[in-house]
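Structure first, then comments.
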Amino acid sequence: MRGLGDLESTVMERLWSYHRSASVRDVLEDLRREREIAYTTVMTVMDKLHKKGLLRRKAVGRAYVYETVASREAYTADLMRSSLASGGNQAATLVHFLERLTPEESVALEAALKVYPPGGRA
């Protein structure tokens, strides 16, 4: 899995923030509050995100309505797993990762391990 481009990231962030499905027009109107952008540009980006498996869509009339396939957190976790898998020595990669955690990130990791302890898969 690879990261997203700037506009793809912006569109995904908007869709995650809605917590509902949205049309290209919905996203376009939202984006136009901050920048000039064409309908076809937003439509193309959302189609690419659908083809990448990040959005699902259904036809409503002559248009599609899109929704995210996974949460922002699940997507981020997939990116982290992909990076770990491509990092060579996974143990060394994890050690370097842990060395760089901020105090807040360490607290979040400890909380996550309480919810899902090592070896927690049954």
Side-chain angles (χ1 to χ4, degrees):
M1 176 175 280
R2 59 184 195 131
L4 300 173
D6 289 339
L7 189 52
E8 289 175 325
S9 293
T10 299
V11 168
M12 287 301 295
E13 287 296 331
R14 298 301 165 99
L15 287 164
W16 280 318
S17 75
Y18 300 158
H19 302 286
R20 60 171 173 78
S21 23
S23 67
V24 171
R25 176 87 38 213
D26 294 331
V27 176
L28 173 72
E29 289 172 4
D30 193 4
L31 291 174
R32 280 191 171 164
R33 292 184 195 143
E34 299 171 9
R35 64 168 90 177
E36 272 301 310
I37 190 164
Y39 180 93
T40 53
T41 301
V42 177
M43 181 177 63
T44 299
V45 168
M46 291 175 75
D47 183 61
K48 287 181 179 180
L49 291 167
H50 172 260
K51 288 177 181 171
K52 289 180 178 184
L54 297 171
L55 298 178
R56 71 175 61 96
R57 68 184 179 193
K58 67 178 180 178
V60 176
R62 294 177 50 201
Y64 286 113
V65 174
Y66 293 83
E67 64 183 354
T68 59
V69 170
S71 68
R72 175 186 296 117
E73 295 78 11
Y75 171 74
T76 302
D78 286 342
L79 285 177
M80 293 167 66
R81 290 224 16 141
S82 178
S83 293
L84 180 60
S86 67
N89 182 329
Q90 291 184 345
T93 300
L94 285 168
V95 168
H96 287 289
F97 174 76
L98 294 171
E99 289 173 343
R100 291 166 174 78
L101 290 178
T102 65
E104 295 81 13
E105 292 165 339
S106 293
V107 168
L109 177 59
E110 288 174 12
L113 289 172
K114 288 177 184 171
V115 172
Y116 194 85
R121 289 188 186 207

> Under 3.5 Å, is there a donor-acceptor pair between the Asp30 and Tyr18 side chains?
Replying inline: yes
>> For Asp47 and Thr44, which I'm curious about, is there any donor-acceptor pair between the side chains at under 3.5 Å?
In response: no
Value rounded to 0.5 Å, distance of [atom1] in [X] from [atom2] in [Y]:
X: Arg81; Y: Ser86; atom1: CZ; atom2: OG; value: 11.5 Å
X: Leu28; Y: Arg33; atom1: CG; atom2: CZ; value: 10.5 Å
X: Arg20; Y: Glu67; atom1: CZ; atom2: CD; value: 11.5 Å
X: Met12; Y: Leu49; atom1: CE; atom2: CG; value: 6.0 Å
X: Leu55; Y: Met46; atom1: CG; atom2: CE; value: 6.0 Å
X: Leu84; Y: Leu79; atom1: CG; atom2: CG; value: 12.5 Å

>> What I'd like to find out is whether the side chain of Leu7 reaches to under 4.5 Å of the side chain of Ile37, using heavy atoms alone.
In response: yes
> Does NZ or CZ of Arg57 come closer than 6.0 Å to the centre of the six-membered ring of Tyr64, within 45° of the ring's axis?
Replying inline: yes
With distance as the sole test, does [X] use its side chain to make a donor-acceptor pair with the main-chain N or O of [Y] at under 3.5 Å?
X: Thr76; Y: Arg72; answer: yes
X: Arg100; Y: His96; answer: yes
X: Arg56; Y: Tyr66; answer: no
X: Ser71; Y: Ala74; answer: yes
X: Glu13; Y: Thr10; answer: no

>> A quick test of your reading: do over 12 heavy atoms of other residues, nucleotides or ligands sit less than 6.0 Å from CG of Asn89?
In response: yes
> More than 12 non-hydrogen atoms from neighbouring residues, nucleotides or ligands closer than 6.0 Å to CD on Glu36, yes or no?
Replying inline: no
> Thinking salt bridges, do Arg14 and Glu29 make one under a 4.0 Å N-O criterion?
Replying inline: no
Do [X] and [Y] belong to the same hydrophobic cluster, where Ile, Leu, Val, Met, Phe, Trp and Tyr are linked whenever their side-chain heavy atoms lie under 4.5 Å apart, directly or via other members?
X: Val65; Y: Val24; answer: no
X: Tyr39; Y: Val27; answer: yes
X: Leu109; Y: Met80; answer: yes

> Given the rule in the salt bridge (Lys or Arg N to Asp or Glu O under 4.0 Å) test, do Lys52 and Glu8 qualify, once you have shown the distances and angles that lead to the verdict?
Replying inline: CA-CA 11 Å; Lys52 289 180 178 184; Glu8 289 175 325; 2.7 Å; yes
> What is the ring orientation for Trp16 with Tyr75, classed by angle as parallel under 30°, tilted 30 to 60°, or perpendicular over 60°?
Replying inline: tilted
> After noting the C-alpha distance and the side-chain angles of Leu54 and Leu15, does the key distance pass the side chain to side chain contact (heavy atoms under 4.5 Å, CB included) rule?
Replying inline: CA-CA 11 Å; Leu54 297 171; Leu15 287 164; over 6 Å; no
